[in-house]
Amino acid sequence: MRVYDTLSREVSAVLASNGEFVRIYCCGPTVYRDAHVGNLRTFLLADLVQRTLAFSGVKSRLVQNITDVGHMSEDFEEDKIIAQSKLEKKDPYSVAREYEARFHQDCRALNIKPADAYPRASECIDLMIDSITKLIANELAYQGEDGSVYFDATRFPSYGALSGNRLDALKPGHRYEFTEGGAKRFHADWALWKAAGARSEMIWETPWGRGFPGWHIECSAMSLKYLDGRVDLHIGGIDLRFPHHEDERAQSNSLITEGGEAVSLWLHGEHLLFEGRKMSKSSGNVVLVSDVAARGIDPLAIRFCFMENRYRSQMDLSWNSIQAAHLVLERWRKAYQGWLKSPINQSERVNQLVAEIASAFNNDLDTPRAMISLRGIERSDLEDGEKRALFEALDALFGLDLLKEREAKRLTNEAEALLEKRKEARANRDFKSSDQLRDELALLGIEVRDTSEGQEWSWKIN
RNA sequence: GGUGGAGUGGCCGAGAGGCGAGGCUCGGGACUGCAAAUCCCGCUACACGGGUUCAAAUCCCGUCUCCACCUCCA
């Protein structure tokens with residue numbers, strides 16, 4: 001498998017440097033709110049990598065962190081989790097655990113396979129303290145007058161290589177926390193450990209005083225620990241390229257003893273726009289998995305839409321395209337149930353198509369091309385047994401639940417009775433009342449249609 | 001201001017010098033008591049201005065517009 005590497009700006013092979021399994025790290029959520037589908041697009045990227053590798057028989061280990069402390073709000077005053085806990089009037093840890101559970105639930109809804117480990121920042125404080133101690137000992141970090149510990153950006157010569165920023169071109173911006181009289185020596189230095197100040201929650205004792213970790217150090221500490229000192233592939237959203245990953249690279253490269261790059265490949269997913277604007281809280285266009293489900297749309301329609309676009313292009317999502325994807329998914333699942341009547345036929349053409357699609361995935365996750373091939377199957381001149389073989393072979397790769405039978409959704413007694421009455425009315429050719437019953441069912445969100453095999457129904461989507 | 005990306009039919013989107021992907025919507029037809037579903041048919045597009053070429057959505061030059069990043073973010 002090959003992917004586009006942000007550092008070298010080339011498409012490069014994903015390799016298991018330990019000869020056994022590919023070590024993958026993906027920046028996970030900060031659990032102070034629900035993940036929106038834009039966040040999930042990045043998490044899907046890790047899933048697609050995992051599935052592609054597994055499909056080719058390559059083993060991998062994926063670690064994804066849960067940031068439950070240290071991620072500061074815009075004003076640099078308040079921790080995001082603590083701010084939310086004040087809003088909800090709850091303990092910060094219970095807020096974090098709640099949103100973490102919902103993150104897992106949302107991933108499941110999109111068929112994003114779980115990572116092998118989900119270390120929490122608050123439970124890896126010792127790792128971070130060890131890392132910071134090492135950086136101070138090597139004179140790459142220093143303690144400022146404010147008691148916080150900072151990484152000395154000037155001591156890391158290739159700083160900026162990942163993001164394309166040059167240290168001398170980085171100007172202190174208006175959103176920037178640096179002030180001339182502040183504790184940092186240089187405007188691009190960043191906090192590894194922050195002094196507690198007035199803060200009383202989520203703080204720890206350290207050799208350099210009481211406080212809490214900076215955001216960037218957690219990923220260095222956890223990735224190197226949980227992946228045994230080396231990362232073959234690091235995944236994250238494009239916005240993390242700078243400063244988060246730039247800083248992480250400086251830290252991690254400084255921490256590994258054997259030198260070189262701690263991370264072999266950096267894979268960045270582009271942003272999701274919704275109706276023309278970047279999906280974000282501040283734009284007010286956030287869409288959650290629960291919003292999709294509430295409209296009666298299968299959340300996998302979102303996955304479908306994502307896969308029709310290349311991960312490193314910005315994509316614009318809309319309710320229109322989500323609905324279109326939903327309809328196609330439903331049609332395919334129904335078609336597959338029909339193909340089941342034919343015996344499976346693993347023909348040469350089937351094998352060839354599977355190989356073609358797998359190679360699209362392997363080629364820098366060219367899922368749009370793979371989706372084109374998948375779309376072609378339904379109306380192709382292949383036999384039903386061949387179509388069946390294809391769907392069965394490919395479902396593990398696409399993760400779209402193509403083999404799923406439409407679940408028998410729970411009907412209320414009322415709806416059940418109406419359906420029964422309508423069946424009778426139709427048997428008696430009493431079309432007037434059957435039409436009226438159809439309208440009544442529509443009000444309950446149920447759509448009925450009559451086929452040669454009798455009355456069928458489905459839930460309407462909004 | 002700096003950097004990166006993009007403009008394709010009503011909408012979403014592949015394609016990257018020559019036979020107009022596909023999907024959704026819409027219109028017509030078949031089927032149906034009607035409708036729905038399904039199937040068949042139709043809707044002929046590449047931001048603008050130049051240029052290269054026998055041939056440009058695709059290559060070159062210029063212009064316009066949009067989006068993102070530049071110390072909050074997936």
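So that the names make sense, note that chain A is the first sequence line, chain B the second, and so on, each numbered from 1. Heavy atoms only: backbone and side chains are in, while hydrogens, waters and symmetry mates are out.
The pair A/Glu456-A/Arg449 meets the salt-bridge criterion, with a side-chain N (NZ, NE, NH1 or NH2) lying under 4.0 Å from an Asp/Glu carboxylate O. Look at A/Glu308 and A/Arg375 and you find a salt bridge, because one of the NZ, NE, NH1 or NH2 atoms lies within 4.0 Å of a carboxylate O, short of that distance.
Contacts of A/Arg108 classified as side-chain hydrogen bond (donor to acceptor under 3.5 Å, both in side chains), with partners at least two apart in sequence or in another chain: none. Residues meeting the salt bridge (charged side-chain N to carboxylate O under 4.0 Å, His left out) test with A/Arg41, sequence neighbours left out: none. With sequence neighbours excluded, no residue forms a salt bridge (charged side-chain N to carboxylate O under 4.0 Å, His left out) with A/Asp439. In this view, A/Arg120 and A/Glu100, A/Glu123 satisfy the salt bridge (charged side-chain N to carboxylate O under 4.0 Å, His left out) rule, not counting sequence neighbours. Partners of A/Glu414 according to the side-chain hydrogen bond (donor to acceptor under 3.5 Å, both in side chains) rule, which considers only residues two or more places apart in sequence or in another chain, do not exist here. For the side-chain hydrogen bond (donor to acceptor under 3.5 Å, both in side chains) test, no residue two or more places apart in sequence or in another chain qualifies with A/Trp339. Scanning for salt bridge (charged side-chain N to carboxylate O under 4.0 Å, His left out) contacts around A/Asp239 gives an empty result, with sequence neighbours left out. Under the side-chain hydrogen bond (donor to acceptor under 3.5 Å, both in side chains) criterion, A/Asp430 pairs with A/Ser433, sequence neighbours left out.
Across residues 99-120 of chain A, not one residue has a non-hydrogen atom less than 4.0 Å from an atom of RNA chain B.
Distance noted for atom C1' between B/A47 and B/C64: 8 Å (whole Å).
When ring centroids are compared, A/Tyr226 and A/Tyr118 stay outside the 6.0 Å threshold.
A/Met279 comes within 4.0 angstrom of a nucleotide base, judged by non-hydrogen atoms across all strands. Nucleic acid contact for A/His36: base, since at least one base atom lies under 4.0 Å from a heavy atom of the residue. Residue-level contact check: A/Gly38 touches the bases, meaning some heavy atom is under 4.0 Å from a base atom.
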Check the interface with nucleotides 6-15 of chain B: list each N/O to N/O pair with the protein under 3.5 Å, or write none.
unit_1: B/A14; atom_1: OP1; unit_2: A/Asn309; atom_2: OD1; d: 3.3

Taking only nitrogen or oxygen atoms into account, show me every contact under 3.5 Å that the protein makes with nucleotides 38-43 of chain B, one pair per line with its distance.
unit_1: B/C39; atom_1: OP1; unit_2: A/Arg379; atom_2: NH2; d: 3.2

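Candidate nucleotides B/C69, B/G22, B/A74 were compared by shortest atom distance to the side chain of A/Asn39, and B/A74 ranks first.
Because its NZ or CZ atom is both nearer than 6.0 Å to the ring centre of A/Tyr142 and within 45° of the ring axis, A/Arg185 counts as a cation-pi partner of that residue.
Listed here is the closest heavy atom pair of A/Leu192 and A/Ile132: O-CD1, 3.6 Å.
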*How does each nucleotide of nucleotides 25-36 of chain B score, in 5' to 3' order, for protein heavy atoms under 4.0 Å: base (B), sugar-phosphate only (S), or none (-)?*
S-------BBBB
